[in-house]
Number of protein chains: 2
Amino acid sequence: MRLVSWNVNGLRAAIRKGIDGWIETIGADVLMLQETRVLEEQLPKDWSWPQGHAVHLHPAEKKGYSGVATLSTLEQDVLPGFAWGEDATDIEGRVLVTRHGELVCVNTYLPNGGGGPERQAYKERWMDAWRAWLAPWLEADHPVVVVGDLNIAHTEDDIWNPKGNAKTSGFLPQERAWFTKLLGDGWVDSFRHVKGEGEKIYSWWSNRGNARADDKGWRIDYLLCNPAAAKRIVAVDIIRQAGLEVSDHAPCILDLSD
Amino acid sequence: MRLVSWNVNGLRAAIRKGIDGWIETIGADVLMLQETRVLEEQLPKDWSWPQGHAVHLHPAEKKGYSGVATLSTLEQDVLPGFAWGEDATDIEGRVLVTRHGELVCVNTYLPNGGGGPERQAYKERWMDAWRAWLAPWLEADHPVVVVGDLNIAHTEDDIWNPKGNAKTSGFLPQERAWFTKLLGDGWVDSFRHVKGEGEKIYSWWSNRGNARADDKGWRIDYLLCNPAAAKRIVAVDIIRQAGLEVSDHAPCILDLSD
DNA sequence: CATGAGAAG
DNA sequence: CTTCTCATG
């Protein structure tokens, strides 16, 4: 069973660049998209989702901003999402929980803190609330995967230039410490679990300069497993081949045994 | 002596599309541009104005909006511009007056009324003030040309579909009547003067549909002459050749004898 | 440096 | 339909 996380940086732009073909090629059973930046009715009229996929969009209230979507060739029910003290309705369209038989998928787009101190503070409050909200899923005896663009690179292996980014949102000491606590809770970073330490493979590259060609990237897209899911990990991958520049993020793959 | 009026619909976009080559080809002695939508410092650093041209930019205060510019291979002095009751500083960058020896050029970008009743009312107040401000130049014994995008098609010969546009800003009865009064003041529409009635040649086409390919256009760009200039009219033209789609307006030419 | 909105034409 | 700005990433 193949689970995929992909920040598409605007689904409409991704459609123009031919995301359809890549969706077929990747062959996900559950495909979780972030930064869709679109409402259902804004999708091109002459376009339709790849055949055989159940689709659920969870947009932000603000047009052209944030939003997640989950597609699946399996049966798919939507479960209640993330509500917390400051936002009971997930107004920014950041978390979508789906169930596919016994598998539960938590599709997440964690706030970006690069917009200034206010957004960084919001990000950190959001992180704490989300981590607490997530905890009950750890104990499930069925597989639960927590997937998405978490906007944090965890260790020095997860970023091209750790020294130069120690003061950049996404690699701040308190964000990295939070990530360590998240894994301490019991969530397994499937990519690092399979690849081990030292493998510097990235999932996002800035659009500025030649970052992608020079592989000056960050790994900020994750597929985390609860213990029940971790037992089933078969393979992981981040697809970085040329021609896949549909988004500034690469699709991240986790294969689980049935 | 060749005078040219050209609404470039964004000078930066026009530069990307190769306006430089066309400027050389056209060979104006005085080239008057409208809708430059740019400040001097926003021009590409690796770009420079065609050699041998004196240049004066008159931008709007609001970025990316309106603005006129005059280029000349002749000597060029800037004269006081258009000040009126509602706007003593020409905040929208619409009128630039230059002197080239005995020739005076009034480069004008008349407000567009398509933005709603408020803008239409502003346009009409502007028109009246501008027409009055212009009148003293009629009596000059040296040539004065009033040039630019006047955002009005005068007669049924100046628009592809007069019936369908009787309620469209730019072809409203009161705008056409105003234009008749302007010519009644003594200004000579050089294009119509040379071509005579019945010639339906346009200078602007909407970007919607296939308006340009189908020649569904309007003539809203003019070179008006005071009597001293009218005596010297040699030729007029509107260059509409393929490949010149640098802007949605065509360059309009007036040749005067020296 | 790219996305999308929105104002303006 | 295109221009440009602005917010956001």
Side-chain angles (χ1 to χ4, degrees), chain A residues 7-17 19 34-39 42-44 59-67 92-94 109-116 118-120 122-123 149 151 168-170 204-213 216 218 220-221 245-249, chain B residues 7-17 19 34-39 42-43 59-67 92-94 109-116 118-120 122-123 149 151-152 168-170 204-213 216 218 220-221 245-249:
Chain A
N7 177 317
V8 294
N9 190 25
L11 181 57
R12 284 169 287 179
I15 289 169
R16 288 196 296 273
K17 296 175 192 165
I19 197 175
Q34 300 90 34
E35 268 202 281
T36 47
R37 300 181 169 197
V38 77
L39 303 172
Q42 293 175 314
L43 287 169
E61 196 165 82
K62 183 182 188 173
K63 276 188 177 183
Y65 178 69
S66 190
E92 294 187 357
R94 298 194 171 275
Y109 175 44
L110 203 143
N112 186 309
E118 222 162 277
R119 281 306 282 176
Q120 181 62 31
Y122 181 79
K123 175 181 183 178
D149 176 357
N151 264 319
T168 309
S169 175
W204 171 77
W205 303 264
S206 166
N207 271 321
R208 301 173 209 201
N210 271 57
R212 190 158 192 166
K216 295 178 174 173
W218 300 40
I220 59 181
D221 301 276
E245 291 86 9
V246 162
S247 160
D248 50 351
H249 292 249
Chain B
N7 177 318
V8 294
N9 191 24
L11 181 58
R12 283 169 288 179
I15 288 170
R16 287 195 296 272
K17 296 174 191 164
I19 196 176
Q34 301 89 36
E35 269 203 279
T36 47
R37 300 180 166 199
V38 76
L39 303 172
Q42 293 174 314
L43 286 169
E61 195 166 82
K62 183 182 190 175
K63 276 188 177 184
Y65 178 69
S66 188
E92 294 187 357
R94 298 193 172 277
Y109 175 43
L110 203 142
N112 185 311
E118 223 161 277
R119 282 307 281 178
Q120 181 62 32
Y122 182 78
K123 176 182 183 179
D149 176 357
N151 263 319
I152 297 169
T168 310
S169 174
W204 172 77
W205 304 264
S206 166
N207 271 321
R208 301 171 210 200
N210 272 59
R212 190 160 191 165
K216 294 178 174 172
W218 300 40
I220 58 181
D221 300 278
E245 292 85 11
V246 162
S247 160
D248 51 351
H249 292 248

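Residue numbers begin at 1 in each chain, while the letters A, B, ... track the order of the sequences.
- Here dC4(D) presents its C1' atom at 12 Å from NZ of Lys17(B), a figure rounded to the nearest Å.
- Residues passing the salt bridge (charged side-chain N to carboxylate O under 4.0 Å, His left out) test with Arg16(A): none are found, sequence neighbours excluded.
- Between His249(B) atom NE2 and dC1(D) atom P the separation is 18 Å, expressed in whole Å.
- Residues forming a side chain to side chain donor-acceptor pair (under 3.5 Å) with Tyr122(B) (at least two apart in sequence, or on another chain): none.
- Annotation: salt bridge (charged side-chain N to carboxylate O under 4.0 Å, His left out) contacts of Lys216(B) (sequence neighbours excluded): none.
- As a whole-Å value, the separation of Arg212(B) CZ from dT2(D) P is 12 Å.
- Rounded to whole Å, atom P of dT2(D) lies 12 Å from atom CD of Glu245(B).
- Chain B approaches DNA chain C within less than 4.0 angstrom (heavy atoms of the protein), and the contacting nucleotides run 5' to 3' from dA8(C) to dG9(C).
- Every residue two or more places apart in sequence or in another chain that forms a side chain to side chain contact (heavy atoms under 4.5 Å, CB included) with Asn112(B) is listed here: Asn151(B).
- Heavy atoms of Gly115(A) sit nowhere under 4.0 angstrom from any nucleic acid atom.
- Atom pair Lys123(A):NZ and dT8(D):C1' shows a separation of 14 Å (rounding to whole Å applied).
- Take Lys17(B) and apply the side chain to side chain donor-acceptor pair (under 3.5 Å) test, not counting sequence neighbours, and it matches no residue.
- Between Trp204(B) atom CH2 and dC1(D) atom P there is a gap of 14 Å when expressed in whole angstrom units.
- Residue Arg16(B) is classed as a sugar-phosphate contact, given heavy-atom separations below 4.0 Å to backbone atoms only.
- As judged by a 4.0 angstrom heavy-atom cut-off over every strand, Gln42(A) is placed among residues touching the sugar-phosphate backbone only.
- Between Asp248(B) atom CG and dT2(D) atom C1' there is a gap of 8 Å when expressed in whole angstrom units.
- Atom-to-atom distance recorded for Glu35(B):CD and His249(B):NE2 is 6.0 Å, nearest 0.5 angstrom.
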